[in-house]
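So you know, we letter chains A, B, ... as the sequences are listed, proteins then strands, and number each from 1.
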Amino acid sequence: MDSTAERLTGALDAAAETVSADRVRPLREAQPGRRAGARTGTRAELHAGARTGLRAGTRTGRVRWSTRLAVVAAPVGAAVAVLVVVAVALVATSGRHPAASVAKVVPASSAGSAPQYYAEVEGKMYGWHGHDSVEVVVRSTATGAVVARIPNPAIANTPEEIPISVAAAPGDRTFYAIYRSYDDTKLGYLWVYRFQLTASGGATAPVAVNGGLITGQNSFDNVGGFVVSPDGSRLAVAVSATGAPTSAGTVAGQILVINLQTGAHARWHGGLDEPGLVFGIQSLSWTGDSKSLVYLGQWCAPKYISYGIYGGFGCSTLGGAQSTPQAEGSTVVRELTVTAAGGALSSGPVLLRPADSAGALPVLVTPDGKSLITIANSPGDGYQVVRISITTGKVTNVFGPVPGSGPSAFLGTDYLAADSTGDYVLVWQAGSSAQPTHGWVHGGTYHQLAPTFADHKANSDAWIQMTW
Amino acid sequence: MTSSEPSLTQDIALTPDDAAGIADLFRARHVDLVRLATLLVGDQATAEDVVQDVFTKVCARAEQQAGNGIALSYFRTAVVNACRSVHRRRGVARRFGGSAEAKLWAEPAPSPEATVLLTEDRRQVLQALAALPRRQREALVLRFYQRLTEPEIAQTMGISRGTVKSTLSRGLDALGGKLSKGDF
């Protein structure tokens, strides 16, 4: 190869590398039979949408091609479809407004379909700090069939590592997983890895992420949330206080944002400490523009803390040998503007102040940043996944019921994860085996997902964390 | 159950049973196709649009194609053809004073990745490449980025093998000439 060809090859390879998989705008779904000529607008229009709101709202590219039309039509459709039936009490009050009651609504119908795949951390748990068998698995939403099993990475000088959490990145094919170690010499370390689904029906081996080593964690290694920004550029994780082996360091009380391009870390901590109480974070989600994070924080007296499965914690009288545990502590939902410098957890506004009796029910922000997705206990209807307007505090949509959600709902073991559109929500109870809440909700219906293991009840096997 | 990511240059025979399978196969090659389009049109944003358009067309025709067997070259050819359309549209836009997206080799670099990866020498090579006639540019990208053989390039571009050979030869000569003169 002569020098011109060599220079050309080098330049082309380098130029191709500038197109990072994490930053490629996801494909929008094309409706069968719809021709490309139906594309509306000029190139300038398409870019405006793709680079701002549209991109933010299509994190995994599963929104149908008619997104532009849907954006216009949705408010009208919703106004027609949503029928206010009766007002009911909801165990939440808004932080931005005084409204204390909400309206029960009939679920609005919505076009689209559930994401094709979900990934979850699945475990065969044989004992706390025992030799559990836990792995990341990608499955088909429709059939539950395993698409790929991700082998735990081989980390140098770390003989046993297990995944804690997995997060879907834009593009429908890329995932991040965070691992911890059982090795006593590696307590307090977390590692972030990335893997991708392949055309051949498998997955790439997990690859260490630049900046993905997190040190100084408490030995419990609690992770209170693990989410990739909709633009794929950053990853946020709620971690424990660093270098503080006290009760305050045993729960995830800080938010760490990793820049996936540079590996740089930004940390949010402090500003909400109260004497004698531990402040921990339970839910974490990005707004669609990738500029803000919304988190659920909880203040809890150390004696009321109980730990979830590999992450999260509950605050209740469970540890006090009471037959009917009661929720303890108080919670708040706040927003943070993400900057390179980090800051205080108190730097953003309060979005919601759930009632103390509700416990730490999970909360997500919708892609448009205007609503929250959470679990509410409505008299007569039980626990339901609902969408609440941040502005009005009213329920604007019911995604579906949460079967099996009962007393444990306030123990910090219930979780939610929404897809890129905010229309399809995974709901599960970590470690649940007797009451296998393990499904997704949309349009007023709960869809049970396939069991992780055929004999999951007998062996106390369980799913731990999910994403799509 | 793991496997390494197959290279885009592997022209594996794809024989999905249904239309959804074709779309899945396209998705699996999405990033690689955006990279190819970026090298042909010069900027990622336009390349993403090109590939999205191709995806829409592929899906529209998927029901007819399902079961017939589709090769990766089908997607590649569609992207190359769509990039040609972009250049035609740009030609019209330039006549009416329209402006194009910032190119990969522009100063300042259009992305942090470009800043890091594209040295001055590489930017010059890309500029010189962009100044070549369309056919030479396509052939060189398919040969030296995709590492396609001459028959594969012929199939993708819809020209004869002999034309591929001469186009590559002339293209390399022209590129070398531009680089030596700084004529780009």
Determine all donor-acceptor pairs shorter than 3.5 Å in which one atom belongs to a side chain in residues 165-177 of chain B; sequence neighbours excluded.
unit_1   : atom_1 : unit_2   : atom_2 : d
B:Ser166 : OG     : B:Gly162 : O      : 3.4
B:Ser166 : OG     : B:Thr163 : O      : 3.0
B:Thr167 : OG1    : B:Thr163 : O      : 2.6

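Taking both residues in full, the closest heavy atoms of B:Leu126 and A:Ala11 are given as CD2-O, 4.1 Å, listed atom of the first, atom of the second, then distance. Here the closest non-hydrogen pair linking A:Ala16 and B:Leu39 is N-CD2, 4.0 Å. Smallest separation of non-hydrogen atoms from A:Val24 and B:Glu48: CA-OE2, 3.4 Å.
Under the ring-ring contact (aromatic ring centres under 6.0 Å, His included) criterion, A:His265 pairs with no residue, sequence neighbours left out.
Note that CZ of B:Phe144 and CG of A:Leu12 are 9.0 Å apart. Values are rounded to the nearest 0.5 Å. Here B:Tyr145 contributes atom OH and A:Asp13 contributes atom CG; the two are 7.5 Å apart, rounded to the nearest 0.5 Å. One finds the CZ atom of A:Arg173 at 11.5 Å from the NE2 atom of B:His30 (value rounded to the nearest 0.5 Å). For the atom pair B:Arg29 CZ and A:Thr198 OG1, the distance stands at 9.0 Å (nearest 0.5 Å).
No side-chain heavy atom of A:Thr18 sits under 4.5 Å from any side-chain heavy atom of B:Gln44.
A donor-acceptor contact shorter than 3.5 Å links the side chain of B:Arg35 to the backbone of A:Val19.
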